[in-house]
Amino acid sequence: MTPAGSLLVAQDLHKSYGPTPALDGAGFSIHPGEVVAVMGPSGSGKSTLLHCLAGIVTPDSGTIRYDGRELSAMSDAERSALRRTEFGFVFQFGQLVPELTCVENVALPLRLTGVKRKEAERRSLEWMERLEVADLGHKRPGEVSGGQGQRVAVARSLVTQPRVVFADEPTGALDSLNGERVMQLLTEAARSTNAAVVLVTHEARVAAYSDREIVVRDGKSRDMMLEHSV
Amino acid sequence: MSIGHTLLGLLESGPRHGYDLKRAFDEKFGHDRPLHYGQVYSTMSRLLKNGLVEVDGVEAGGGPERKRYAITEAGVTDVETWIRQPEKPEPYLQSTLYTKVVLALLTGRDAGDVLDTQRAEHLRLMRVLTDRKRHGDLSDQLICDHALFHLEADLRWLELTAARLVQLASEVRT
Amino acid sequence: MKRRLHDLGLGIRFALGGGREGWARTLLTAVGVGLGVALLLGAASVPHLVDQRADRIHGRQPFSAGSEKNTGQVKASLLYASADTEYRDETIGGKLLRPADADPVLPPGLSSVPAPGTMAVSPALHELLDSPEGRLLRQRLPYDITATIGDAGLVEPSELYFYAGSPSLSPDSGASSAAGFGNIGETEPLDPMLVVFVILICVVLLMPVAIFIATAVRFGGERRDRRLAALRLVGADARSTRWTAGGEALAGAVLGLGVGTLLFLGGAELIGPVGLWSFGFFPGDLRPVPWLALLVAVTVPALAVLVTLAALRSVVIEPLGVVRGGRTRRRRLWWRLVLPALGVALLLLSQNPDASSGPLSAVSSGLGLPLYEYLSPLCIAAGATFVLAGLIALLPWLVEAVVGRLRGGSPAWQLAVRRLQLSSGPAARAVGGITVAVAGSVALQMYSVGIHDDFNKVTGADASRAQYTVQAEYPDAKLAERMIGAFRETPGVGKVIGTVASYVTLPGPVASQDVRPITELTLGDCATLRELARIDSCTDGDTFVVHPSDDHDRAAWVDRTARPGEPIDTSAGEPGVPPTLWTLPASARTVTARPDPAGAEHDGIFATPGAIDASLLGSSAHTAAMLSVDQRVPDAAEHIRNTAARVSPLLGVRTVRTLERDQQYAGIQTGLQAAGLATLGLIAAAMLVSQLEQLRERRRLLAALLAFGTRRATLAGSVLWQTAVPVVLGIGLAVAGGLALGALMLRIIGKTVTDWWLFLPLAGAGAAVILAVTLLSLPALWRLMRPDGLRTE
């Protein structure tokens with residue numbers, strides 16, 4: 001079941017919030033540079049799967065291996081460090097710090113890893129340029145549109161040159177044009193840095209930017225591509 | 001939509017007379033377009049010729065053609081292949097998909113599987129279109145988008161049907 | 001108007017019927033307002049409390065048969081003598097009583113005069129005497145305890161007081177006679193400087209309370225704004241939503257009045273018996289002055305509504321959300337400087353209230369002192385109030401100006417600074433309370449210390465030498481001898497001398513504009529007299545004329561009365577008393593004085609007991625023992641007092657230490673600091689609540705930050721800086737303002753600043769506030785920094 005050369009592999013994940021199981025034997029795998037869509041109806045456990053894969057949430061049982069290391073064996077601090085340096089994140093909304101300017105928001109993950117402010121902001125501006133929002137650098141998130149804000153968030157998720165980007169409904173709050181543009185920029189940027197993208201979405205047109213999809217239903221996952229090719 | 005596969009599927013749950021087959025078909029799938037007797041008999045004779053069905057028995061006395069048909073091993077395999085095979089994503093295929101889902105439910109196959117397979121097929125095409133859009137000019141993009149939106153509508157329907165499978169199953173089996 | 005009332009009513013319904021969350025918010029506001037109201041009610045009770053205290057003190061003052069108070073011409077029926085004493089750091093009041101007839105008058109709190117050898121004690125004294133700490137005191141007060149003094153006879157619940165029955169009390173041995181109790185002495189005019197003090201204390205304590213109440217009614221504001229937006233969606237206009245918000249605040253404030261009243265009553269029961277800064281009271285005496293209580297009851301809800309309406313001015317509540325007025329306009333400085341400038345000007349123009357010159361000095365006020373003596377304190381109080389209020393106005397500008405210039409730094413610092421840059425108003429407002437409290441306390445402390453040090457210099461007393469004088473208010477040469485004997489055997493006592501001293505005058509007519517020559521006559525045995533003057537030979541019956549060691553004028557003054565061979569009036573020329581003549585023997589030699597054990601020189605006439613009968617001496621005569629004491633002996637003072645009590649309960653023991661006033665000033669100091677600290681605590685609570693609220697609003701953001709690997713320490717750091725920056729600025733401003741104010745006030749009374757570092761404890765407390773608010777926010781921060789926040793609501 002586990003394809004060789006996978007960067008991040010999860011098997012038989014179980015996770016419950018209270019009595020209701022959010023994950024019930026789900027699995028997952030992704031290669032470097034691959035974009036994998038996680039699809040499924042609301043409440044199916046998509047986001048929980050993403051949180052587990054990213055080491056934000058610890059599953060009740062099951063294994064998650066990232067780059068040969070078992071995530072559940074790591075301490076909270078180690079997983080935080082991993083998220084800072086190797087992972088990037090884009091969420092649906094509410095992720096930009098409203099007080100910081102856009103460029104400071106993008107620079108924040110770099111600053112958290114100890115990069116000097118000047119250097120961090122220089123690199124941030126490069127990424128903002130790639131995502132076509134360089135001119136927003138000194139505005140605050142409250143002063144830019146939703147699509148622009150989401151591009152800033154994408155720039156932030158990529159600025160540390162992560163090996164995996166986790167995107168949870170990154171276009172959920174955007175119209176189709178803006179959503180497509182964000183997806184286009186995200187996948188292009190990720191491919192150019194050979195970063196893997198875990199894309200949680202319920203929208204087919206967004207999932208169409210992926211190389212492969214995984215369907216989560218009632219806490220169980222199905223890798224359609226894998227079964228189909230067999 | 002393949003009437004032959006549909007009738008084969010209906011036979012899978014047990015041998016039936018031509019008349020029964022027409023009634024069952026109309027009841028489950030012929031909401032807007034009831035089947036003619038002629039269509040039933042011409043289809044059955046084609047299936048007989050291909051060895052997918054066999055005549056189970058002839059009732060004496062009754063009407064002109066009181067033959068009872070049963071599905072053969074080859075017929076079951078044919079139905080299986082047909083149901084599992086995702087349809088080529090194109091407009092107005094939901095009646096075929098619907099037929100497949102209902103038949104899967106009737107014959108105890110995994111209907112969710114049918115839908116997921118179809119979804120994967122849709123997405124595969126959507127990926128192709130999205131990729132084309134990415135590298136094409138504006139007119140390419142607009143044309144691809146049109147197709148994408150239709151495919152997305154189908155996919156939504158697939159999602160919705162998947163969410164209602166339990167309800168559908170209980171209705172179909174009555 | 002009717003609409004507004006309707007909107008208010010809607011708000012009240014929201015506050016009380018808004019489900020669990022609505023209740024939580026209303027309760028939070030109510031508790032906050034309640035704390036403030038309790039303090040206000042406490043302040044409003046002070047006048048009544050002071051009156052009650054004065055009444056209690058006066059109520060047990062005896063008056064004599066001849067006094068004005070005795071209008072019914074009751075004859076004296078009780079003999080009493082004061083037997084006050086000290087025990088370690090406590091003052092113990094007491095009287096010896098002896099009935100003069102079968103139906104003696106009684107002091108309040110007693111049901112009968114204690115029989116000889118027994119005493120009635122206050123509950124606190126009873127407790128002390130029964131405890132191991134009171135062992136030495138028990139030796140001094142060996143009487144059987146047969147009764148307890150009722151509350152009516154005590155000034156405060158923790159007062160140490162006793163009434164002992166005496167078998168032998170007589171007017172000859174220093175007793176007075178009482179015809180009744182309840183001597184209302186003449187009301188002393190209030191010291192003008194004290195008026196300044198009281199006004200300033202009120203300002204310093206009440207301004208932060210007002211600020212705190214204003215902060216408390218804003219608790220839960222952001223959530224409420226969203227609720228109001230929903231109200232707009234169903235068609236309410238902007239104005240009526242503001243009034244609805246006002247109604248919510250009103251409900252919280254009115255509930256707060258209730259909570260405050262309960263806290264006040266509970267607090268009175270709790271604090272009264274224990275006492276606050278050595279000032280206890282009977283809970284029943286703590287009653288707010290009605291009109292002040294009414295003022296609180298009206299002002300607080302009105303303040304709540306007004307503050308809410310004002311706060312919502314900068315907030316636009318739209319049907320689909322809340323737009324906080326991103327203030328593009330910078331805060332202006334000039335009008336914020338008007339108040340402090342006005343205050344400084346008033347202070348510079350004010351004159352010393354104790355100085356009796358100036359243009360207004362002749363105008364009478366009708367209050368016992370000339371008008372200027374009241375006007376000037378008012379100017380000072382107004383000036384100081386303006387300066388303090390000005391500091392509150394200056395702070396938001398200062399915070400904005402400073403924060404706007406801050407750049408760079410670590411992510412934690414950057415997060416905090418950016419947050420403050422975006423909206424420093426709430427933080428600056430809360431810290432404003434700290435600023436007033438600290439600035440006021442610093443100024444008042446400087447002021448009180450300035451006066452206090454001045455007083456210390458005047459006396460020049462050196463407490464480490466700790467000399468004691470034991471004194472009886474009647475002449476008794478035998479007593480003096482007995483005291484010498486008894487004290488010599490008391491642990492810790494070095495030199496002892498015992499004397500009977502009295503004033504004597506030159507008899508005969510004196511020119512009307514001339515002062516009658518007068519000097520002191522000291523009666524003691526040869527050993528004692530040798531301690532006080534350089535005497536070579538001395539036998540009983542000798543007399544001496546004693547000159548001060550280096551003051552010729554004074555020596556000449558002594559010689560005008562002390563003329564060997566000439567008569568002297570030993571009754572000291574008391575009016576209405578015929579002169580008692582005694583001739584100073586011609587053999588009297590002139591000698592030079594030397595310092596007594598307490599360091600003072602005595603001049604005049606020295607006589608041995610054989611030369612004059614002590615009973616010839618007039619009413620100014622007293623018997624005294626002077627002792628030098630080795631302070632290293634533990635409880636030396638208590639042993640001396642015990643010995644004195646054994647010799648006679650009527651002996652008063654005094655030390656030259658300035659203990660009494662020291663304690664008074666120390667009391668003011670600790671009082672000010674405690675009040676400052678209490679205010680800091682209150683403001684810290686308010687800051688904590690807003691901090692927690694702000695954190696809760698940012699759940700999703702915190703979860704996102706956690707997702708991309710933000711260390712908890714980084715966020716904790718940002719919370720710390722976010723509190724620290726405004727508090728440090730506020731305290732800095734407060735210290736600068738307080739020092740300036742204190743220096744100005746000292747300048748007015750012509751004193752110089754003696755201690756520039758008094759603000760340190762309060763600055764330290766400020767640091768503690770920063771830490772406390774941060775630490776207490778952390779659990780909530782940890783709880784909110786969970787992936788749950790990422791899940792869509």
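Each chain gets a letter, A, B and so on, in the order the sequences are listed, and its residues count up from 1. Quick note: numbers below take in every heavy atom, side chains included, and nothing from hydrogens, waters or symmetry partners.
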Visitor: How about V97(A) and L705(C): do any of their side-chain heavy atoms sit closer than 4.5 Å?
Guide: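 Touching, per the 4.5 Å side-chain cut-off.
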Visitor: Heavy-atom pairs under 4.5 Å with chain A are the metric here; pick the option from S410(C), G409(C), P411(C) that has the most.
Guide: P411(C)
Visitor: Are T710(C) and L108(A) close enough that some pair of their side-chain heavy atoms sits under 4.5 Å apart?
Guide: no
Visitor: So does W127(A) have more than 12 non-hydrogen atoms from other groups sitting under 6.0 Å from CH2?
Guide: yes
Visitor: At a 4.5 Å cut-off on heavy atoms, which part of R111(A) comes close to chain C: side chain, backbone, both, or neither?
Guide: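 Contact with chain C is through both the backbone and side chain of R111(A).
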Visitor: Where does L706(C) contact chain A at under 4.5 Å (heavy atoms): side chain, backbone, both or neither?
Guide: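 Its backbone and side chain both get close to chain A.
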Visitor: Using non-hydrogen atoms and a 4.5 Å limit, figure out which bit of P98(A) sits close to chain C: side chain, backbone, both or neither.
Guide: both
Visitor: Going by an N to O cut-off under 4.0 Å, is there a salt bridge joining E99(A) and R419(C)?
Guide: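 Looking at E99(A) and R419(C), the cut-off is met.
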Visitor: Could you tell me if the side chain of R140(A) sits less than 4.5 Å from the side chain of R418(C), heavy atoms only?
Guide: yes
Visitor: In terms of heavy-atom proximity below 4.5 Å to chain A, should R698(C) be classed as side chain, backbone, both, or neither?
Guide: side chain
Visitor: So for E121(A), is it side chain, backbone, both, or neither that comes closer than 4.5 Å to the heavy atoms of chain C?
Guide: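 Contact with chain C is through the side chain of E121(A) alone.
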Visitor: Who in residues 77-89 of chain A is close to chain C, using a strict under-4.5 Å heavy-atom cut-off?
Guide: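 The list, in residue order, reads S80(A), R83(A), R84(A), F89(A).
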Visitor: Quick check: do F708(C) and R156(A) have side-chain heavy atoms less than 4.5 Å from each other?
Guide: yes
Visitor: Got more than 12 heavy atoms from elsewhere within 6.0 Å of CG, D218(A)?
Guide: no
Visitor: So do the side chains of L100(A) and Q414(C) get within less than 4.5 Å of each other, counting heavy atoms only?
Guide: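 L100(A) reaches Q414(C) side chain to side chain.
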